[in-house]
2 protein chains.
Amino acid sequence: MNELLHLKSAGLKSTLPRLKVLSLFESGNDRHLSAEDVYKKLLASGDDVGLATVYRVLNQFEQAGILVKHHFEGDKSVFELNQGDHHDHIVCLQCGRVEEFFDATIEQRQKKAASERGFELHDHSLYIYANCIKPKCKYKN
Amino acid sequence: MNELLHLKSAGLKSTLPRLKVLSLFESGNDRHLSAEDVYKKLLASGDDVGLATVYRVLNQFEQAGILVKHHFEGDKSVFELNQGDHHDHIVCLQCGRVEEFFDATIEQRQKKAASERGFELHDHSLYIYANCIKPKCKYKN
DNA sequence: TTGCAAATGAGAATGATTAGCATTAGCAGT
DNA sequence: ACTGCTAATGCTAATCATTCTCATTTGCAA
Ligand SMILES: [Mn+2]
Ligand SMILES: [Mn+2]
Ligand SMILES: [Zn+2]
Ligand SMILES: [Zn+2]
């Protein structure tokens, strides 16, 4: 019942759509999902939710700190469970595989770059676009 | 007449809209401009171009390597002159000021992060969102 | 000059995301 | 358990940036 705590502490009612979205992310099959991904997965599993509701819930969860939003190359944004650990992403340009990484040196040098120029770092986004080295890459022929 | 060379070598006809867009960037008043920015600036200076043409020209210039496109926080993308030097950006969340920086260590560790995980780095995007430290910040009250 | 492919411009179309609004469903208090 | 009220949902319509269509214009090579 971790989900309920999450929702309650965020001041959000425990509704069916919210629980479904949450458990989708907690099932852990895919960490990074777009609104459309979530919508389709729920439909596929027989759960009826409106696309608008999916968008709303995802944004509410982000504001509540339950999810984190990312903007990978392309138009649509993706969400993932916020597990406290900050990390950045490597995205395969061929198969779309997403790998997570954390580099303390990079983090530190970003802070330094900011402060040296009269800024106080609030946030950053770092995406590495790359190609899987075969044979891992499930390149779409 | 550097512009003409640019265009010719890219296989692009030297048309009025293209020359105007190019000289706008080369005037150097603002390095980072969105399509809308470019459109409005051209209109303001009495030059009539269609918005669609601006979009087309910007993308052609990007493909030709004349401009580089960035996706700062927010929806609209911005372009800047490609002067050969790669750099990343710090964006002030309050006043929108954009500062450029380059950190060899960060670059190198990105490459390493990728190769260590079976990727060949192709590209990356790094944006630092921060707040100007007063009194530099032209915060919009 | 002429001819013609390439480029332009105005507006329609697109695609992701959000807003509006009537209907439904949590849930606090009986 | 029953009421009532507010928040949440689910349509649909609206936004907003960007792209597409296509009739008209323009650069430029012969
Ligand atoms: Mn992640
Ligand atoms: Mn720049
Ligand atoms: Zn791959
Ligand atoms: Zn500022």
Side-chain angles (χ1 to χ4, degrees), chain A residues 1 3-24 32-43 45-64 66-79 96, chain B residues 1 3-24 32-43 45-64 66-79 96:
Chain A
M1 283 75 229
E3 302 87 44
L4 289 179
L5 296 178
H6 259 161
L7 295 180
K8 279 212 197 299
S9 63
L12 297 170
K13 281 187 186 174
S14 147
T15 70
L16 232 35
R18 296 213 256 242
L19 291 176
K20 285 172 182 168
V21 170
L22 196 44
S23 63
L24 210 193
H32 307 90
L33 298 170
S34 70
E36 183 99 28
D37 291 339
V38 171
Y39 178 63
K40 283 184 181 156
K41 291 211 171 222
L42 291 183
L43 286 194
S45 58
D47 299 312
D48 266 323
V49 283
L51 179 55
T53 301
V54 170
Y55 273 102
R56 267 186 306 238
V57 168
L58 291 175
N59 286 330
Q60 290 160 346
F61 282 5
E62 192 205 358
Q63 260 141 271
I66 300 171
L67 295 178
V68 184
K69 191 197 285 203
H70 300 291
H71 295 87
F72 295 165
E73 193 125 294
D75 25 28
K76 59 188 64 169
S77 42
V78 300
F79 295 80
Chain B
M1 288 74 234
E3 303 86 45
L4 289 178
L5 295 178
H6 259 161
L7 294 180
K8 279 211 197 294
S9 64
L12 297 169
K13 280 187 185 173
S14 148
T15 68
L16 232 34
R18 296 215 255 243
L19 291 176
K20 285 171 181 168
V21 169
L22 197 44
S23 65
L24 210 193
H32 307 92
L33 298 171
S34 70
E36 184 100 27
D37 291 340
V38 171
Y39 178 63
K40 283 184 181 156
K41 290 210 172 224
L42 291 184
L43 286 195
S45 59
D47 298 313
D48 266 323
V49 282
L51 181 53
T53 300
V54 170
Y55 273 102
R56 267 185 306 239
V57 168
L58 290 176
N59 287 329
Q60 290 160 346
F61 283 5
E62 191 205 358
Q63 260 140 269
I66 300 171
L67 295 179
V68 183
K69 190 197 286 204
H70 299 290
H71 300 280
F72 296 165
E73 193 124 294
D75 24 27
K76 59 189 64 169
S77 43
V78 300
F79 295 79

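Sequence lines set the chain letters: A, B, ... in the order given, protein chains first and strands last, and positions in each chain run from 1.
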Between [N] ([atom2]) and [X] ([atom1]): distance, integer Å:
| X | N | atom1 | atom2 | answer |
| --- | --- | --- | --- | --- |
| B/His70 | D/dA17 | NE2 | P | 20 Å |
| A/Glu62 | C/dT18 | CD | P | 10 Å |
| A/Tyr39 | C/dG15 | OH | C1' | 15 Å |
| A/Leu22 | D/dA8 | CG | P | 15 Å |
| A/Asp48 | D/dC11 | CG | C1' | 13 Å |
| A/Leu33 | C/dT17 | CG | C1' | 17 Å |
| B/Leu58 | D/dT19 | CG | C1' | 13 Å |
| B/Leu42 | C/dG9 | CG | C1' | 14 Å |

Base-contact (B) and sugar-phosphate-only (S) positions in nucleotides 21-30 of chain C, heavy-atom cut-off under 4.0 Å, - elsewhere: -----BS---

Checking contacts here: which listed nucleotide ([options]) is nearest the side-chain heavy atoms of [X]?
| X | options | result |
| --- | --- | --- |
| B/Thr53 | D/dC20, D/dG10, C/dT8 | C/dT8 |
| B/Pro17 | D/dT9, C/dG9, D/dT12 | C/dG9 |
| A/Leu51 | C/dT8, C/dT17, C/dG11 | C/dT17 |

Within less than 4.0 Å of OP1 or OP2 of D/dT18, is there a side-chain N or O belonging to B/Ser77? yes

Would you say A/Tyr55 reaches C/dT18's phosphate, i.e. side-chain N/O to OP1/OP2 under 4.0 Å? no

In a check of side chain to side chain contact (heavy atoms under 4.5 Å, CB included) between B/Phe79 and each of B/Val38, B/Asn59, B/Val21, which one passes? B/Asn59

Under a 4.5 Å cut-off applied to non-hydrogen side-chain atoms, are B/Val78 and B/Leu33 in contact? no

Is any side-chain heavy atom of B/Gln60 closer than 4.5 Å to one of B/Val57? yes

Rounded to the nearest 0.5 Å, what separates atom CD in B/Glu36 from atom NZ in B/Lys76? 5.5 Å

The reported gap from CZ in A/Phe61 to CG in A/Leu7 (rounded to nearest 0.5 angstrom) is 5.0 Å

Those residues that, when tested against B/Asp47, pass salt bridge (charged side-chain N to carboxylate O under 4.0 Å, His left out) (two or more places apart): B/Lys20

What is the minimum heavy-atom distance between B/Tyr39 and B/Leu51, and which atoms define it? CE1-N, 3.5 Å

